[in-house]
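I have placed the structure first, in the form of structure tokens, so that the comments after it can refer back to it.
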Amino acid sequence: MKMAIVEGRWTGPIWDTHLHLDLNGRGIAAAQDFANAGGTHLCLVHKPGFPNRLPDSIGAVKDAYTGTLELARSVRREVGLDVRVILGPHPVVWEKQIHTLGLDVATELHLESVALALEFCAEGEAVALGEVGRPHYPVSEAIWSAANEQLETVMHMASQADVPIQLHVEENGAQTNAELAALCDRSGLARKRAIHHYAPSDVSGSFTHGLSSSVSMGKNSLAKIMETYRYCTSTWTMETDYLDDPARPGAVLGPKTVPKRTQTLVQDLLKDLDKGEVEDLLHHVHSFWPNTLYGEIDP
Ligand SMILES: [Zn+2]
């Protein structure tokens with residue numbers, strides 16, 4: 001695919017690195033919207049069955065993963081997008097299930113689900129583990145410390161399998177990233193291979209502590225990206241975290257957001273850089289970095 005800006009518009013690949021689809025929601029039609037807006041590549045992230053379809057056995061987890069893989073095949077076939085699947089047990093499911101299954105059973109199920117996701121990665125069906133992490137809301141001290149211990153184990157499993165992970169975590173700025181970086185170092189997982197999902201748009205190394213960012217591309221994200229992209233020490237990509245939840249239409253960024261923001265970013269960057277430099281940056285954001293993390297590099 002050509003990596004060029006033609007008449008002020010990026011004509012190369014456009015990749016949303018964190019999006020969910022649901023056959024009970026808009027499903028394939030949402031993926032078609034993304035494609036129609038200029039999108040070409042998706043990381044389809046496994047959708048946890050909130051609020052009342054939480055799998056309570058490894059068999060149920062396997063069925064749910066299989067459903068996500070099947071959905072990815074439909075999107076490839078019917079829309080023609082390049083879809084890379086990310087599978088894993090959501091940390092909020094674990095926290096909820098502590099109160100129904102108990103801490104030991106919930107943790108065992110969580111770690112079994114991680115192992116199963118890594119098997120699908122080894123078979124080439126999935127490309128990363130996610131979203132894993134820790135609850136984004138206050139929990140008891142006992143649960144918080146169990147969450148961190150568990151996350152270190154999960155990171156260790158991912159590093160042994162040489163699989164990158166997408167992290168769902170609380171929003172506490174650079175402090176969160178510093179703590180995650182320390183967990184990476186202890187577990188043997190390269191910081192770059194730990195991707196902060198729903199990341200703030202500050203992509204500077206002093207903020208990310210060397211983690212990769214899948215930046216949530218809300219309305220105000222571009223200003224901070226423009227301030228900080230020069231100081232990135234790892235990688236950053238763009239995401240919507242589109243939920244495809246029929247109960248909450250419009251509650252999150254829509255599937256056309258990443259293509260739209262990409263074209264606005266091109267306009268902003270062209271004020272600072274020459275065309276070749278902008279093309280190089282866009283090539284990194286929408287092809288080189290995501291291919292490095294989520295699969296083969298396009299020829
Ligand atoms: Zn998500």
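As the structure lists them, so they are numbered: ligands from 1, and atoms in each ligand from 1.
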Residues clustering with V105 (ILVMFWY side chains joined when closer than 4.5 Å, directly or via others): I58, V61, Y65, L69, V85, L87, L101, L109, L116, F120
Parallel, tilted or perpendicular, as decided by the 30° and 60° cut-offs, for the rings of H168 and H197: tilted
Near-ring test H286/H41, centroid separation under 6.0 angstrom: no
2.8 Å cut-off met by an N, O or S atom of H20 to the Zn ion (ligand 1): yes
Nearest to the Zn ion (ligand 1) - the N/O/S atom of E131, by atom name: OE2
Among K47, E131, H46, the one residue meeting side chain to side chain donor-acceptor pair (under 3.5 Å) with H20: E131
Whether H18 has an N, O or S atom under 2.8 Å from the Zn ion (ligand 1): yes
The Zn ion (ligand 1) - closest N/O/S atom in D241: OD1
